[in-house]
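Working notes, structure below.
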Amino acid sequence: MSEYILGIETSCDETAAAIVKDGRDIVANVVASQIDSHRRFGGVVPEIASRHHVEQITVVLEETFQQAGITIEDIDAIAVTEGPGLVGALLVGVNAAKGLAFAHHKPLIGVHHIAGHIYANRLEKEFRFPLLALVVSGGHTELILMREHGDFDIIGETRDDAAGEAYDKVARTLSLPYPGGPQIDQLATEGEANIDFPRAWLEEDSFDFSFSGLKSAVINTLHNAKQKGQTLESKDVAASFQASVVEVLTEKTFKAATQYQVKQVIVAGGVAANKGLRQSMIAKFKQAPAIDLLFPPLSLCTDNAAMIAAAGSIAYQQGHRAGLDLNANPSFSLERYAKRP
Amino acid sequence: MNVLAIDTSNQVLGVAASKAGVIQAEQIINIKRNHSIGLMPAIEHVLKESNMEVNQLDRIAVAKGPGSYTGVRIGLATAKTMAWSLDIPIVAVSSLELLAHNTREKELAISPFFDARRGLVYTGLYQLQSDGMHVLQPDQNIDMKQWLEQLKEEQRPVLFLSQDLAIHEDSIHHVLGELAMAAPSIDHLPRPGILALLGGQSEETEVHALTPNYIRLVEAEANWLKEQKQHGSN
Ligand SMILES: [Zn+2]
């Protein structure tokens, strides 16, 4: 008998539902993006995101079941993003999931959003442990060591801005349209990394990151050039900024991968779609051919519910169940998720 | 007809079940708590006490606001997914109209309200007639003093229903004097049992299209629209 998990994800600005078979096969995957609603504000407005979720949730669920060609009675468990994320946005998914679980007597599973991003890769290839995941997105920059399924050990994280956040801020400074990350990535391919921006290596043995100094350096450089009446090419600024971010991410990931002797390295999260990062990682890991380097397909890098169902499948197998009093958990830590009863 | 009623639109967490127009069980928690934690256990409890299985439900009634944005969404997200997945009709009732039904006083103007901070309230004007509740003034978000001045012009007695009465009591009496009527304190509490009964009679809504009645635009959106207008007129 196959196992079918329904996943629901509403932590930010995508209303998403998906059905995953046996933890690895996508049967249906529906994402209603709100990006057009938020673009005019230059970022996600939480209240607007929450309003869209409550409008979209049953529409997205219906489309998911239509795509899958199965009914809710065929579902083994319902997995939903419990956190972290925007509280008002998370609440829509959590309460919808509880409504379904109660109405159809199905087990309910709360999933950590970052665990979801990591497990997006299992929809492509089976995991081999120990495994190192670099999670990079608008809200996260973390190096996570996994010794087995469901085990998450954060060995490095950002001390200030997330990488994606730095991308968005630099993009805004360069007056690029929202969302800024892909815009910078595109511009960087056209420009030359001829400005020497700082690299924050931090302490010798640390796998932590810091991007606020780099962000300030970019803003200051642009400001100073303007005062001197010089104009810097946006594409060169983008290329130089991206070179700094990508070098630090690549070097730290490579060092951690060799130190912990991992079998696989996974790059996950929205910034995993970045072409500059992909190229740099692939080039660096040629030095360690025994390590299997994985990137999720582009469609699974950004927020989706297939990744929540994939992570939910493992949690289901491991016996984790949430009660009907499950709440949204906007600052849910991955460590607490790993250690939950 | 078996109806499940859900109201999380304001401070009260209310869940009720009715069968053939009779309230079977009703749970009201009138303490500021987290509705997201409490709602589903309350639904489970009320159905169990009503000897009702979830698949025996014929309808779900939900209070659609105005009220707390987050609270209304918790109720609607729950009610919509349950109704959609059980393939039963959903009925949405104004949270203010629900409160207005707490009085049986016919032919009297009723102003149910929820405090909306900074002197504002959510309110509307209702009147119970022999054929049911009538809306004299639609639900709105308005400065309480302005609302009271409007009511005063009509020179008719108004019954106020609100758990937030104490916040606005002075201005009500100051503006309306003798025209302001006070309901017994028990009538200020929104009742999910009444929502269940209304749910049995009212017209159903298309589930996908059902949205909360926030009344207010999101601030960022309101500012954006204002800017667009300014640009347009230049
Ligand atoms: Zn994400």
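Both backbone and side-chain heavy atoms feed into the values below; hydrogens, waters and symmetry mates do not. In what follows, chains are A, B, ... by sequence order, proteins preceding strands, each numbered from 1.
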Could you name the residues of residues 3-42 of chain A that have a heavy atom within less than 4.5 Å of a heavy atom in chain B? R40(A), F41(A)
Counting heavy atoms not belonging to D87(B), are there more than 12 under 6.0 Å from its CG? no
Is chain A contacted by the side chain of L217(B), its backbone, both, or neither, given a heavy-atom distance below 4.5 Å? backbone
For a quick test of your reading: what N or O donor-acceptor pairs under 3.5 Å do the side chains of residues 192-204 of chain B make, sequence neighbours left out?
unit_1: S202(B); atom_1: OG; unit_2: L198(B); atom_2: O; d: 2.7

Atom group of N34(B) that falls short of 4.5 Å from chain A, counting heavy atoms: side chain
For chain B, find which of T58(A), D325(A), L326(A) contributes the most heavy-atom pairs closer than 4.5 angstrom. T58(A)
Measuring from H208(B):NE2 to L61(A):CG, what's the distance to the nearest 0.5 Å? 9.0 Å
How far does OG of S85(B) sit from CD1 of I78(A), to the nearest 0.5 angstrom? 8.0 Å
Heavy-atom pairs under 4.5 Å with chain B - which of E55(A), E62(A), Q56(A), R51(A) has more of them than the others? R51(A)
Check whether T78(B) gets within reach of chain A through its side chain, its backbone, both or neither, counting any heavy atom under 4.5 Å. both
Can you list the residues of residues 79-112 of chain A that sit under 4.5 Å from chain B, counting heavy atoms only? G88(A), L91(A), V92(A), N95(A), A96(A), K98(A), G99(A), L100(A), F102(A), A103(A), H104(A), H105(A)
I want to check something: taking the side chain as every heavy atom from C-beta on, are E47(A) and E219(B) in contact at a cut-off of under 4.5 Å? no
Please list every donor-acceptor pair under 3.5 Å in which a side-chain atom of residues 167-176 of chain A meets a protein atom from a residue at least two apart or in another chain.
unit_1: Y167(A); atom_1: OH; unit_2: Q242(A); atom_2: OE1; d: 2.8
unit_1: Y167(A); atom_1: OH; unit_2: N274(A); atom_2: ND2; d: 3.3
unit_1: T173(A); atom_1: OG1; unit_2: K169(A); atom_2: O; d: 2.8

Quick check for you: among E53(B), K80(B), M82(B), which has the greatest number of heavy-atom pairs under 4.5 Å with chain A? K80(B)
Determine whether more than 12 heavy atoms belonging to other residues, nucleotides or ligands lie under 6.0 Å from atom CZ of R340(A). yes
Heavy-atom check, side chain of S50(A) versus side chain of T70(B), under 4.5 Å: no
Side chain, backbone, both or neither: which part of E44(B) has a non-hydrogen atom closer than 4.5 Å to chain A? both
Using side-chain heavy atoms (C-beta onward) and a distance below 4.5 Å, is V54(A) in contact with T211(B)? no
Inter-residue atom distance W84(B).CH2 - I72(A).CD1, 0.5 Å rounding: 6.0 Å
